[in-house]
Amino acid sequence: MSGYQGKKNIPRITSDRLLVKGAKIVNDDQSFLADIYMEDGVIKQIGDNLIVPGGVKIIEAHGRMVMPGGIDVHTRFQMPDRGMVSADDFYQGTKAALAGGTTMIIDHVVPEPGVSLVAAFKQWREWADSKSCCDYSLHVDITSWNTGTQEEMETLVKDHGVNSFLVYLAYKDVFQLSDSQIYEVLSVIRDLGAIAQVHAENGDIIAEEQRRILELGITGPEGHVLSRPEEVEAEAVNRAVTIANQTNCPLYITKVMSKSAADVIALAKKKGAVVYGEPISASLGTDGTHYWSKNWAKAASYVTSPPLSPDPTTPDYLNSLLSCGDLQVTGSAHCTFQTSQRAIGKDDFTLIPEGTNGTEERMSLIWDKCVVTGKMDENQFVAVTSTNAAKIFNVFPRKGRIAVGSDADLVLWDPDMTKIISAKTHNLAVEYNIFEGIEVRGGPVVVISQGKIVLEEGSLHPTEGCGRYISRKPFSDHVYKRIKARSRLTELRGVPRGHYDGPVCEVTVTPKMMSTVSSSSFSLSGAQTDDNIPRRNTQRIVAPPGGKANITNLG
Amino acid sequence: MSYQGKKNIPKITSERLLVKGGRIVNDDQSFHADIYMEDGIIKQIGDNLIVPGGVKTVEANGKMVIPGGIDIHTHFQMPYRGTTTVDDFAQGSKAALAGGTTMIVDHVIPDPGCSLMEAYDQWRQRGDEKSCCDYSLHVDITHWNDSVKQEVESLIKEKGVNSFQVYMAYKDYYQMSNSELYDIFSFLAERGGIAEVHAENGEIIAEEQARMLQMGITGPEGHVLSRPEELEAEAVFRAITIASQTNCPLYVTRVMSKSAADIISQARKRGNVVFGEPITASLGTDGTHYWSKNWAKAASFVTSPPLSPDPTTPDYLNTMLSSGDLSVTGSAHCTFSVAQKAIGKDDFTQIPEGVNGVEERMSLIWDKAVTTGKMDENMFVAVTSTNAAKILNLYPRKGRIAVGSDADLVIWDTDSIRTITAKTHNSAAEYNIFEGMELRGAPQAVICQGKIVVEDGTLHVVSGVGRFIPCSAFPDFAYKRIKARKQLAVLRAVPRGMYDGPVSEFSMSRGGTPSASARTSPTKQPSRNLHHSGFSLAGPTIPDDIPIRPAGRRIVVPPGGRSNITSLS
């Protein structure tokens, strides 16, 4: 894309020192008036009447809000799909992100099933290091599961600063893992101290529905949403929550697209599950009625999975849940394709490459839908666009907070700025914008990334390749404090009993009957439990009835 | 239906019976009237009936007369690894009658790979030979392919079976995949069957069982620890989702936990056609007994899904049953002797599963739900008899006291108090999971097929008189709604011109990576991708280069008004 076509080396903005004067600093917990002094990309001082070196570039905030730069937790820049690559590469994508007030993105590494995770990770690093205009980090998707995968995950966590892995419950026969595999992956993730992300849709049912819809002669983009009803999303969320509870693994649901999926997450949280939900720009800003557009290209531009809900009240509902804390973080799931790329599915909706735009619009959209409407205040806005993401993915307080020692990623926010979103003016490489024509209030006036001004007076000065890879440590406190407490509680003990010495019924060893559920579990455990030796009593303590160690049920 | 040479058992002499002075309790109302029966059928209801002389008369003395109970879930004479459960059809149906149940519905369980029809015939033979009361059969689908499909079809059309159970648990044995469930539900929905599910996530259970055994937990407590109630709730949720997609009525057997019941209740509120069946065990006792130091006692509670260790569960389920969120009750009666249970003395996964409850069901619900004021006697009739008859499409022949209905009646004594104990129960098992429980409310007399089989505590049952009652497809109780929805659920494509812009080059194999050699699962076909899977079946009908169908056939689905009609809100 436009990224690699000889971007000339823009000279770095001269001053590495920057003073923001008269700012109303907005963190997720409070807002206060102060000046901010930055040097070498780090916030050095916060306060009034700061003593700073002469000749420092000064930005007058005039009492306007200055907030931590946004973190877009979910992007798919430059994503390969069947020999094509998504339209926005790391340059174009991060440029758009910066234009919208986002100063860090976390992209998804999608290894081909069976390909080494580490190799794919390195590939993504290479792409991003050469092109990204802002700091970035990487999630790694587990697209297949075998013994080697586990070691690779360990390597990624220990040597490469990855602390989040995505598994798919959808995309049957491609990415989809079985429930048993998910259980095993989640157990590994918990042991590594990482976060399990889930693409939650029931792929088995979708495959059946797709077949049925095609048989009905429905081949257009409306078939995409008809074959992926929101119940199928909610079902998978529920299943993921169940497995995560069993394995005591923190869970993160990417792309919450429907009311019912959000409800399942909210309910699980009330029951005490450690689960996070990520609505995306698309689900917060628009709906799935456009799949019925008579303009094929327009309808196709909305194709993403899980699909946008045809229920037009969905965005408002999701914004409310985001405001009350039932959903915590927002991403864009930015993954754009040109119309000609989408058109490979012109006769079969199942072939349409999936993804929507949103990295540029995310901050303004949420401000407009939530803060302007009084659903949330500016502090909660900072929480859901930046701080919570930094906490969950363990880059807090380096990111997600304006504090001494934090990275100098700031946004000077104008709550009154209005803008009409349009493909004509957006910073993307695609012809359609799914938010076309939406007027949003609130936007960035100045964006500072790594202590340098990248957006000022409407003009963007991004530097290709200056984005650093931010490595993330495992066992994020925000997530693992609770998990650790629970794993201490979950020790199970057997009941000390005498050996049963009564009569035992003869069993015919018809292998058919023997191959029950029991034998499948034997394979793993049979070896060390010798049937003839009575077990040591010391190992066993009665688990008090009712007080069993299913501690996830806090109610 | 009795095509298989049912020997002519000499009928009990008196074919005529009059119940005088009873208070008739149906699910909708209670009223005082006499009931006159002839040849096993209720002929007259009213006051001062004109009846032939010499008719045997039973004085009800103002006591309630209710339709005989229907135990919608039993496993009598169930084969298990070469042994058979201790209560056969004679013993089991005798116990049923003793408790006021005059009809049972047993589950036919074909071994995976075996013919459903053969298994059905086998069960029919056992039932016809021995059953003391009328019975019907559910058939469990333990594997799925085209020949099973045909068998299911003829079971529905010719053999009087309208309910089929599938398993989401018992991995590598009975367990069905999501795709199979989808297929089965679609199939049943078209043919008017009821899809029953055993709802537990078998994959996770297998993992948890392995974990428990690794930790050295081998006793019956491992059974419940490896099957936490969330796994039951998860499977219920999934089953409901699939049933809703396929527009198939769903029946969840053995609701054992609060969270599973909650999911059913929520789904009903959203408009799903789903019925929940708590059983005697889950309504009457809890899973704390798995920690009993007496291995044999602990093992006697082993059933799946397990009894919940949360002791407030029975009360909660009784409340849900009273409010109508749960619809019917069974016993899932499936008893093994201690020696049989002891097959799993060193490994809880080997313990044969099942508990008693066919005899205790009616009294237990009366005690827990009616004497406590949760439900009235009409609701009691609904959940113990009428609703089951409706679901099985046997109403009003069964489940109601009305002229023309079968003469299956119970004179119910609301004040009788019994203490349940294995010493006196009519089951052949050594343990009774309700041991020591004092229950108020019991049958004073039981009339089955117009004959008195229980009177003043004495049983006069006749083995083999039980008839097979065929259940026909499309029960109104479930299918009226399903049919209405089906009419709405027609999907249409959007009429659009052909897209004629540029199309990118792409390779069908993802990224061109010769990926899958390293993949573990042999079931996954490496070269296929998501898109292929959609194509594989539909592809042939829609060649790429032929213009899409004429616009006349397509109507815009109004946005928001798509035909996912299950969302009634």
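Just so it is clear: chains get the letters A, B, ... in the order the sequence lines come, proteins before strands, and each one is counted from 1.
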When rounded to the nearest 0.5 angstrom, what is the spacing between [atom1] in [X] and [atom2] in [Y]?
| X | Y | atom1 | atom2 | result |
| --- | --- | --- | --- | --- |
| A/I205 | B/T246 | CD1 | OG1 | 8.5 Å |
| B/R492 | A/L226 | CZ | CG | 12.5 Å |
| B/E207 | A/Q246 | CD | CD | 11.0 Å |

Minimal non-hydrogen separation, [X] against [Y], with atom names:
| X | Y | result |
| --- | --- | --- |
| B/I343 | A/V507 | CD1-CG2, 3.3 Å |
| B/T83 | A/C505 | CG2-SG, 3.1 Å |
| B/V494 | A/S293 | CG1-O, 4.1 Å |
| B/A493 | A/G217 | CB-O, 4.1 Å |

ask   = A/A300, A/A343, A/G502: which one forms the most heavy-atom pairs within less than 4.5 Å of chain B?
value =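 Result: the option with the highest number of such pairs is A/A343.
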Top contributor to chain A interface from [options] [non-hydrogen pairs under 4.5 Å]:
| options | answer |
| --- | --- |
| B/N294, B/L181, B/L231, B/T312 | B/L231 |
| B/P352, B/P220, B/S259, B/S226 | B/P220 |
| B/A339, B/A169, B/G501 | B/A339 |
| B/S179, B/G113, B/P502, B/S186 | B/S179 |
| B/Y182, B/F348, B/W295 | B/Y182 |

Contact origin within [X] toward chain B - heavy atom pairs under 4.5 Å:
| X | value |
| --- | --- |
| A/E506 | backbone |
| A/L186 | neither |
| A/R212 | side chain |
| A/Y291 | backbone |
| A/V241 | neither |
| A/A234 | both |
| A/I213 | side chain |

request  = Sort B/Y499 into side chain, backbone, both or neither according to what part of it lies under 4.5 angstrom from a heavy atom of chain A.
outcome  =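 Backbone plus side chain of B/Y499, per the 4.5 Å heavy-atom cut-off to chain A.
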Please tell me if the side chains of [X] and [Y] come closer than 4.5 Å, counting only heavy atoms from C-beta onward.
| X | Y | answer |
| --- | --- | --- |
| A/E231 | B/I240 | no |
| B/F237 | A/T242 | no |
| B/Q266 | A/D263 | no |
| B/P495 | A/K294 | yes |
| A/N202 | B/N178 | yes |
| A/D179 | B/N201 | yes |
| A/S180 | B/K171 | yes |

inquiry  = Quick test of your reading of the model: are B/R496 and A/E222 salt-bridged, counting only N-O distances below 4.0 Å?
reply    =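 A salt bridge is present here (some side-chain N lies under 4.0 Å from a carboxylate O).
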ask   = Quick one: do B/E230 and A/K271 make a salt bridge, cutoff under 4.0 Å?
value =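 Between A/K271 and B/E230 there is no salt bridge, as every charged N stays at least 4.0 Å from the carboxylate O atoms.
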inquiry  = Can you list everything that forms a side-chain contact (heavy atoms from CB on, under 4.5 Å) with B/D183? Sequence neighbours excluded, please.
reply    =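 Only B/W144, B/K149 meet the side-chain contact (heavy atoms from CB on, under 4.5 Å) criterion with B/D183.
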message = Using the side-chain hydrogen bond (donor to acceptor under 3.5 Å, both in side chains) criterion, which residues pair with B/E208? Sequence neighbours excluded.
response =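 Only A/Y183, B/R211 meet the side-chain hydrogen bond (donor to acceptor under 3.5 Å, both in side chains) criterion with B/E208.
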query = Any chance the side chains of A/Q341 and B/S504 put a donor and an acceptor closer than 3.5 Å?
reply =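 The criterion, which ignores hydrogens and geometry beyond distance, is not satisfied for B/S504 and A/Q341.
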request  = Could you walk me through whether A/D204 and B/E180 pass side chain to side chain contact (heavy atoms under 4.5 Å, CB included), step by step?
outcome  = CA-CA 9 Å; A/D204 291 340; B/E180 284 167 330; over 6 Å; no
message = Strictly distance-based, threshold 3.5 Å: is any side-chain N or O of B/R238 a donor or acceptor partner for the main-chain N or O of A/N238?
response =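 Checking the backbone N and O of A/N238 against the side chain of B/R238, no donor-acceptor pair under 3.5 Å is found.
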